[in-house]
Amino acid sequence: MSKVFITTSIPYVNAEPHIGFAMELAQGDALARYYRAKLGEDQVFFLNGTDEHGSKIDKKAKETGIEPQKFVDRITQKFIDLGKALNISNDDFVRTTSDRHKKSATDLWRRCQKDIYKKNYKGLYCSGCEEFKTEKELVDGLCPVHRTKPEPVEEENYFFALSKYAPKLRELIESDELKITPELRKNEVLGWLREGVQDISVSREKLKLSWGIPVPGDPDQVMYVWVDALSNYITGAGFPDSHEKWWNEETLKIHVVGKDILRFHAIIWPGLLLSAGLPLPNIIYAHGHITSDNQKMSKSLGNVIDPFSLIQKYGADAVRYYLLAKIPWDDDGDFSSDKFQAVYKGELSDNWGNLLNRLVVLGGKSKSQISDLKSQNIGSNPELAGFRFNNFIEKQITELARINREINETEPWKLITSEPDKAKKIIEKWLQDYYQISQELSFVAPRSFEKVEKAYSTGQAVQLFPRVEW
RNA sequence: CGCGGGAUGGAGCAGUCUGGUAGCUCGGGUGGCUCAUAACCACCAGGUCGCGGGUUCAAAUCCCGCUCCCGCACCCA
């Protein structure tokens with residue numbers, strides 16, 4: 001494997017960032033940091049971005065009386081801020097309203113032209129919302145907002161011949177050439193493919209969707225979300241002028257997405273790429289969702305978790321750690337204040353943090369050269385490479401517990417006076433092991449690892465995870 | 001309807017493929033240690049493994065039936 005290209009999905013900026021997207025960022029970032037450590041800094045590219053077009057945003061902006069661009073600028077800034085607050089090491093950030101992206105999406109459209117045709121689109125249109133509604137959105141056949149019956153409206157749109165690629169996609173996914181993980185999701189996608197794939201509408205009349213990228217050669221039509229948003233991944237790679245460096249057959253290309261948007265990433269996106277004659281991603285990893293106190297997060301329930309306040313109180317590392325360690329990698333997981341605090345105290349403060357001080361002090365007393373005990377070997381890591389973040393962290397925690405147990409059994413504080421040479425040797429081994437473990441955990445909690453490094457350099461104890469009052 | 005996933009001590013999970021005295025983390029209790037962020041270590045309590053049948057010397061694990069929960073196309077990480 002030569003290079004690795006990792007993306008998170010691009011969140012729609014009609015609402016502020018929440019904890020679920022923070023998890024996706026943390027996952028992508030842990031992968032990026034791991035592969036950088038293993039393959040070298042310049043061998044890895046980690047991409048983030050935002051999805052900024054669409055009638056929903058246009059409408060919301062109008063309601064608040066500001067220009068759509070100003071509106072998306074404001075929310076996008078919050079996503080950028082979240083990345084910074086979480087200490088995310090992304091190499092680039094693609095906004096779908098940027099010029100380079102418009103160019104990229106337009107070019108992708110052109111490359112897919114042979115599979116794009118005009119057809120009547122029938123949909124249920126609510127004139128109050130000024131947008132098409134899906135059957136699912138309706139409540140008793142009425143628009144939930146306006147309590148009116150949406151009109152069946154027909155308009156001419158462009159369609160993409162997705163159905164044509166269904167057999168090929170099935171083949172690629174079955175063989176793992178396009179790997180969908182976890183297995184459960186792969187089966188789900190294969191199930192969808194078996195049920196049959198329809199051609200998809202990829203444009204809207206400009207009158208109904210003005211906030212978007214114009215269809216090349218047809219000023220009356222605007223691209224619908226598929227081509228517009230999904231193409232951000234190749235925009236980030238440099239499409240259409242210089243993407244070959246990253247978007248090629250040799251690079252391991254990984255999309256980290258939520259299970260809710262797996263369908264688009266596993267079927268529509270590869271379909272577009274096949275049509276355009278571009279390489280396909282290698283792996284699509286779909287994570288689950290986070291519930292808050294075992295309930296779906298919703299504004300009306302008031303149980304939405306704000307990542308910013310959490311980070312402010314406990315630090316980015318603790319939040320990243322919880323999201324990667326305690327939300328199952330392949331399923332939904334729960335967040336609650338109690339659980340978070342238990343993990344913060346039990347695993348971070350009492351184990352990883354406290355053990356550092358135990359060892360640094362013992363190292364000092366045994367006259368060990370602590371700064372020389374930094375082991376440096378990042379090997380292959382099947383857990384991380386396989387997105388099993390929980391297992392990966394659990395392994396490290398088990399190792400920390402092992403050292404704690406050995407310390408109790410060995411009683412080095414007695415050995416230091418009775419058998420100083422033996423004590424020094426044992427303590428140095430622990431210090432080496434501890435450094436190794438911390439280095440592995442640095443992918444999850446980079447700032448804490450920096451503190452460990454500092455403690456080793458100076459020989460001074462440091463509070464990795466200070467007690468927090470709650 | 002159908003398809004897929006799940007149901008294991010108070011909580012969260014592993015074990016099910018390849019049957020053989022039910023395991024881990026947290027929480028609770030008792031004791032130990034004193035190097036450390038009142039941290040660490042040991043031990044103990046606690047489970048009819050969703051329900052009912054069947055196969056077997058032996059079933060959480062295999063087979064049949066049932067109950068309940070969750071997800072399934074353009075809203076959502």
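Letters A, B, ... mirror the listed sequences (proteins, then strands); counts begin at 1. Values in this document were obtained by computation on a predicted structure and should not be read as measured data.
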Answer with base, sugar-phosphate or nothing: what part of the nucleic acid does [X] contact at a heavy-atom distance below 4.0 Å?
{"X": "Lys365(A)", "value": "sugar-phosphate"}
{"X": "Gly20(A)", "value": "base"}
{"X": "Ile261(A)", "value": "sugar-phosphate"}
{"X": "Lys414(A)", "value": "sugar-phosphate"}
{"X": "Phe264(A)", "value": "nothing"}
{"X": "Asp350(A)", "value": "sugar-phosphate"}
{"X": "Arg263(A)", "value": "base"}
{"X": "Gly353(A)", "value": "base"}

Which class fits the ring pair His265(A) and Tyr233(A): parallel under 30°, tilted 30 to 60°, perpendicular over 60°?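 His265(A) vs Tyr233(A) ring planes: tilted.
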Considering only [options], which nucleotide approaches the side chain of [X] most closely?
{"X": "Trp192(A)", "options": "U37(B), A77(B), C72(B)", "result": "C72(B)"}
{"X": "Trp226(A)", "options": "C40(B), U34(B), C74(B)", "result": "C74(B)"}
{"X": "Gln463(A)", "options": "A39(B), C35(B), U37(B)", "result": "U37(B)"}
{"X": "Ile407(A)", "options": "C41(B), C35(B), C33(B)", "result": "C35(B)"}
{"X": "Lys56(A)", "options": "C75(B), U37(B), A36(B)", "result": "C75(B)"}
{"X": "Ala342(A)", "options": "U37(B), C26(B), C40(B)", "result": "C26(B)"}
{"X": "Tyr12(A)", "options": "A73(B), U25(B), C76(B)", "result": "C76(B)"}
{"X": "His287(A)", "options": "A73(B), C35(B), A77(B)", "result": "A77(B)"}
{"X": "Tyr224(A)", "options": "C35(B), U37(B), C75(B)", "result": "C75(B)"}
{"X": "Leu184(A)", "options": "C35(B), G5(B), A39(B)", "result": "G5(B)"}

Separation of atom [atom1] in [X] from atom [atom2] in [N], rounded to whole Å:
{"X": "Trp352(A)", "N": "C40(B)", "atom1": "CH2", "atom2": "P", "answer": "16 Å"}
{"X": "Ile268(A)", "N": "C74(B)", "atom1": "CD1", "atom2": "P", "answer": "11 Å"}
{"X": "Leu400(A)", "N": "U25(B)", "atom1": "CG", "atom2": "P", "answer": "14 Å"}
{"X": "Met23(A)", "N": "C76(B)", "atom1": "CE", "atom2": "P", "answer": "17 Å"}
{"X": "Leu86(A)", "N": "A77(B)", "atom1": "CG", "atom2": "P", "answer": "16 Å"}
{"X": "Leu348(A)", "N": "U25(B)", "atom1": "CG", "atom2": "P", "answer": "17 Å"}
{"X": "Lys395(A)", "N": "A14(B)", "atom1": "NZ", "atom2": "P", "answer": "18 Å"}
{"X": "Glu411(A)", "N": "A42(B)", "atom1": "CD", "atom2": "C1'", "answer": "12 Å"}

Say you pick atom [atom1] in [N] and the same atom in [M]; how far apart are they, in whole Å?
{"N": "A11(B)", "M": "U21(B)", "atom1": "C1'", "answer": "27 Å"}
{"N": "C72(B)", "M": "A58(B)", "atom1": "P", "answer": "44 Å"}
{"N": "A22(B)", "M": "C33(B)", "atom1": "C1'", "answer": "32 Å"}
{"N": "C69(B)", "M": "U8(B)", "atom1": "P", "answer": "15 Å"}
{"N": "G54(B)", "M": "G15(B)", "atom1": "P", "answer": "29 Å"}
{"N": "C76(B)", "M": "C63(B)", "atom1": "C1'", "answer": "41 Å"}
{"N": "A42(B)", "M": "U34(B)", "atom1": "C1'", "answer": "16 Å"}
{"N": "G31(B)", "M": "G20(B)", "atom1": "P", "answer": "38 Å"}

Carboxylate-amine/guanidinium proximity below 4.0 Å for Lys425(A) and Glu428(A):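 No, Lys425(A) and Glu428(A) are not salt-bridged.
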Going by an N to O cut-off under 4.0 Å, is there a salt bridge joining Arg447(A) and Glu450(A)?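 No, Arg447(A) and Glu450(A) are not salt-bridged.
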Pair [X]-[Y], side-chain donor/acceptor within less than 3.5 Å:
{"X": "Asp81(A)", "Y": "Gln77(A)", "result": "yes"}
{"X": "Asn391(A)", "Y": "Glu383(A)", "result": "no"}
{"X": "Thr96(A)", "Y": "Glu52(A)", "result": "no"}
{"X": "Tyr321(A)", "Y": "Glu347(A)", "result": "yes"}

Nearest-nucleotide wise, let me know which of Pro466(A) and Arg405(A) is further upstream toward the 5' end of RNA chain B.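 Upstream on the strand: Pro466(A).
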Between Lys326(A) and His289(A), name the one whose nearest nucleotide on RNA chain B is closer to the 5' end.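 With Lys326(A) and His289(A) compared, the 5'-side residue is Lys326(A).
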Determine whether any donor atom in the side chain of [X] lies under 3.5 Å from an acceptor atom in the base of [N], or the reverse, and answer yes or no.
{"X": "Asn408(A)", "N": "C40(B)", "result": "yes"}
{"X": "Asn354(A)", "N": "A36(B)", "result": "yes"}
{"X": "His18(A)", "N": "A77(B)", "result": "yes"}

Donor-acceptor contact present, side-chain Asp176(A) to main-chain Lys179(A), <3.5 Å: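 Answer holds: no.
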What does G4(B) pair with, Watson-Crick or G-U, if both distances are under 3.5 Å?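 The answer is C70(B), by the H-bond criterion.
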What does G9(B) pair with, Watson-Crick or G-U, if both distances are under 3.5 Å?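 The answer is none; no pair meets the criterion.
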side-chain N/O Lys345(A) vs A39(B) OP1/OP2, d < 4.0 Å: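 Yes, Lys345(A) has a side-chain N/O under 4.0 Å of OP1/OP2 on A39(B).
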Please state whether the phosphate of A39(B), meaning OP1 or OP2, lies under 4.0 angstrom from any side-chain nitrogen or oxygen of Arg467(A).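 Checking A39(B) against Arg467(A), a side-chain N or O does come within under 4.0 Å of OP1 or OP2.
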Exercise: identify the closest heavy-atom pair between Ile305(A) and Phe335(A):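 Heavy atoms only, the tightest pair is CD1-CD2, 3.2 Å.
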